[in-house]
**Q** 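Structure below; questions to follow.
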There are 2 protein chains.
Amino acid sequence: MVSMKDIAKRCNVSVATVSKALNGYSDIGKAKRDEIQAVAKEMGYFPNSSARALKTNRSYDLGILFADNLHSGLTHDYFAAILDSFKVTAESKGYDITFTSMNMVANRRMSYYEHCRYRGLDGVVIANIDFTTSEVLELVRSSLPVVTIDFVFDGRVAIVSDNVKGMKDLVDYAVSMGHRKIAYIHGDNNSVTRDRLSSFHRTLAEHNITVPDSYIKASRYRDGETTEKRMEELLDLPDRPTCVFMPDDFSAVGGYSAAQERGLHIPEDISIIGYDGIPMSQALFPKLTTLKQDTKQIGKKAAEELTSLIENPKTTLIEKILVDGYLLEGASVRRLN
Amino acid sequence: MVSMKDIAKRCNVSVATVSKALNGYSDIGKAKRDEIQAVAKEMGYFPNSSARALKTNRSYDLGILFADNLHSGLTHDYFAAILDSFKVTAESKGYDITFTSMNMVANRRMSYYEHCRYRGLDGVVIANIDFTTSEVLELVRSSLPVVTIDFVFDGRVAIVSDNVKGMKDLVDYAVSMGHRKIAYIHGDNNSVTRDRLSSFHRTLAEHNITVPDSYIKASRYRDGETTEKRMEELLDLPDRPTCVFMPDDFSAVGGYSAAQERGLHIPEDISIIGYDGIPMSQALFPKLTTLKQDTKQIGKKAAEELTSLIENPKTTLIEKILVDGYLLEGASVRRLN
DNA sequence: TGAAGTATCGAAAACGTTTTCCACAGTTTT
DNA sequence: AAAACTGTGGAAAACGTTTTCGATACTTCA
């Protein structure tokens, strides 16, 4: 590998001069600067990020923490999409992305925080399902720049998909289509679910619609089988709902299956509404009506906030940045009026 | 940050001794070693990966190169699953994972190879769709340890899903179910598709079954809409096939839609076969019969081969490592005999 | 008892940068 | 003509490690 020393030797200058020429310092003559840059390019020079990081305490490397209980890992559509968007805009700003999951060094397991320090990461984005573990808390309470997704910590900036508005839009839509008997199979018990659930109830209340307890079922996100079972229970109800909200698009397929196995047609016999707006939802038959979460925007904002936090620490903290989704009208909801 | 120097001062030893105590060298007394380790832990010491990498030329960081033409990025189920598995086993071996996509440094775009050198990556796994770009070639021809997925380069180790055997298994299955009129909507023109297509033809020939040209349709991977159109064309054929192979599970949903929109039932009226075995395929109704690619094994093998290449450069190269999948029998194929 | 061996530790160089401070020349101001 | 800038460049320290080589003290052996 060709280093600054090699260039310095070839140009008969010092390494300090080379550094200045290559990094756009002003106290250097134009002639020398041009010569050095030319030689550097010719010799195929590239800086060494380790040396640079060692000296400057800046790695231009961002961590992403992404661990969920079910270990769906990168196969989780929603987070994968956010991550991808995060990656794209972070890279455009000159940052690399490194995973900050569990790791070993010297036979000892490092905590997330330790891992970040070890790698000298400039900041980290947390896109977890479970934010309550002590390791996550250690990271959040540290001095490292942190941005969280869909979870709010005091004093930390969070990018959150507006689940309240999203659910309201969906309920409003279902009601506008004439539905009054609306059920909700919800996902795991976390802040996202609580937001959606309370918005579900509040919006129905605004429409003066009461929802029986039997219309609220607990399933789990991305769990088609469990959701299918809950759907069957709803379909077996004496006073069956006309429209059922699913935990998410993926498990909505379980809802489809439950209906189709009973010979019911969607949306003629039963209407179904999803959440997420993943590509698959529009490949289903009939196309799923769902709320498209703006994963691209979420990832982009996360990267922007994180880099701004890094490069400009005095920025006033807007703690919570809400990102709107939008309703994706498929053909899975029947018009009743 | 507490460094070795701090520990050395506190223990009245030199940094060299601290380094030895912490890294398990033999030329150090047990008493001192224990004391130093205790103090290190107490002071919350962690090594600095940049300094270490600078000195040793080993970063314990692996690159993953993952760029496709459609920019499906991390939302590509198949690659995301492989990546996740790669990540898990690489991490268990003490390596971190960094993305090696395009990147800027000093306002100049780096090539993949330059990027790897810049970050001092120990090796890189390439899981691309398109392996023919000059940048990928530059990387492959370099001296960096490289493992490729589903593509074979001379002198490089490749992990490839056995598409020949996979397709053979599927065709054998369809034939065993009594199907003779079998169509194939295939994906983009690349080596994977060519393997599957030739295996499709060869296996049918072994069964003395001829397939009309009109039964072979070109679509694109993960493209539900195009696949749906091709499926419609097949269904409109005067001599309609009884069983249709899809490019992949995701676009198979397009096949389902085409059939269901015509009021056809799966598998009673038309049988459908997918490829990949992604979770969604088993959430469909009816469950899709497909070939489950062993993404977990592929990712694991890739990580194992890459780390072994790094840590033990003299390993004899097994250039091509085939990974078997297995048939996932759903309910989307009707028994005709 | 002297020589040889062994165990333990440290000094110092090195990895490739960045950055501060100083030096020197030439130029402008008094 | 002295003083004060200005522009350009270099010396050297520093970042936190690893690693070689030598030094010292202590054992062991003949």
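Letters A, B, ... mirror the listed sequences (proteins, then strands); counts begin at 1. All values below come from the heavy atoms of this structure, side chains included, with hydrogens, waters and symmetry mates left out.
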**Q** Look at the side chain of A/I28 and decide which nucleotide, out of C/dG10, D/dG9, D/dG10, has an atom nearest to it.
**A** D/dG9
**Q** To the nearest Å, give me how far apart CG (B/L54) and C1' (D/dC15) are.
**A** 9 Å
**Q** So for atom CZ, which belongs to A/R58, do other residues, nucleotides or ligands contribute more than 12 heavy atoms lying within a distance under 6.0 Å?
**A** yes
**Q** With nearest nucleotides of DNA chain D determined for B/K20 and B/N48 from heavy-atom distances, which residue corresponds to the more 5′ nucleotide?
**A** B/N48
**Q** Send over the distance from B/D27 CG to D/dA23 C1', rounded to a whole Å.
**A** 13 Å
**Q** When you measure from the side chain of B/K32, which nucleotide among C/dC9, D/dA12, D/dT17 comes out closest?
**A** C/dC9
**Q** On the nucleotide D/dC15, are OP1 or OP2 found under 4.0 Å from the side-chain N or O atoms that B/K5 carries?
**A** yes
**Q** Rounding to an integer number of Å, can you tell me how far A/I7 CD1 sits from D/dG9 C1'?
**A** 17 Å
**Q** Under the criterion side-chain hydrogen bond (donor to acceptor under 3.5 Å, both in side chains), I'd like the reasoning laid out for A/T17 against A/S14: C-alpha separation, chi angles, the key distance, then a yes or no.
**A** CA-CA 5 Å; A/T17 308; A/S14 72; 3.0 Å; yes
**Q** Rounded to whole angstrom units, what separation is found between the OH atom of A/Y118 and the P atom of D/dG16?
**A** 15 Å
**Q** Is any side-chain N or O of A/S19 closer than 4.0 Å to OP1 or OP2 of C/dT18?
**A** yes
**Q** Check every atom of D/dG9, D/dT17, C/dT18 against the side chain of A/T17 and return the nucleotide holding the closest atom.
**A** D/dG9
**Q** What's the spacing between A/T100 OG1 and A/L62 CG if we round to 0.5 Å?
**A** 9.5 Å
**Q** Any side-chain N or O of A/Y25 under 4.0 Å from OP1/OP2 of C/dT19?
**A** yes
**Q** In whole angstrom, what separates B/F46's CZ from D/dG16's P?
**A** 16 Å
**Q** Within this structure, what is the CZ-to-C1' distance between A/R58 and C/dT19, rounded to whole angstrom?
**A** 16 Å
**Q** Can you identify which nucleotide, out of D/dG9, D/dG16, D/dT18, has its nearest atom closest to the B/T56 side chain?
**A** D/dT18
**Q** Side chain of B/S14 only, heavy atoms from C-beta on: which candidate in D/dG10, C/dA13, C/dG10 is closest?
**A** C/dG10
**Q** Cut-off 3.5 Å, side chains only: do A/Y78 and A/D150 have a donor facing an acceptor?
**A** yes
**Q** Does A/Y45 make a side-chain N or O approach to OP1 or OP2 of C/dT17 shorter than 4.0 Å?
**A** yes
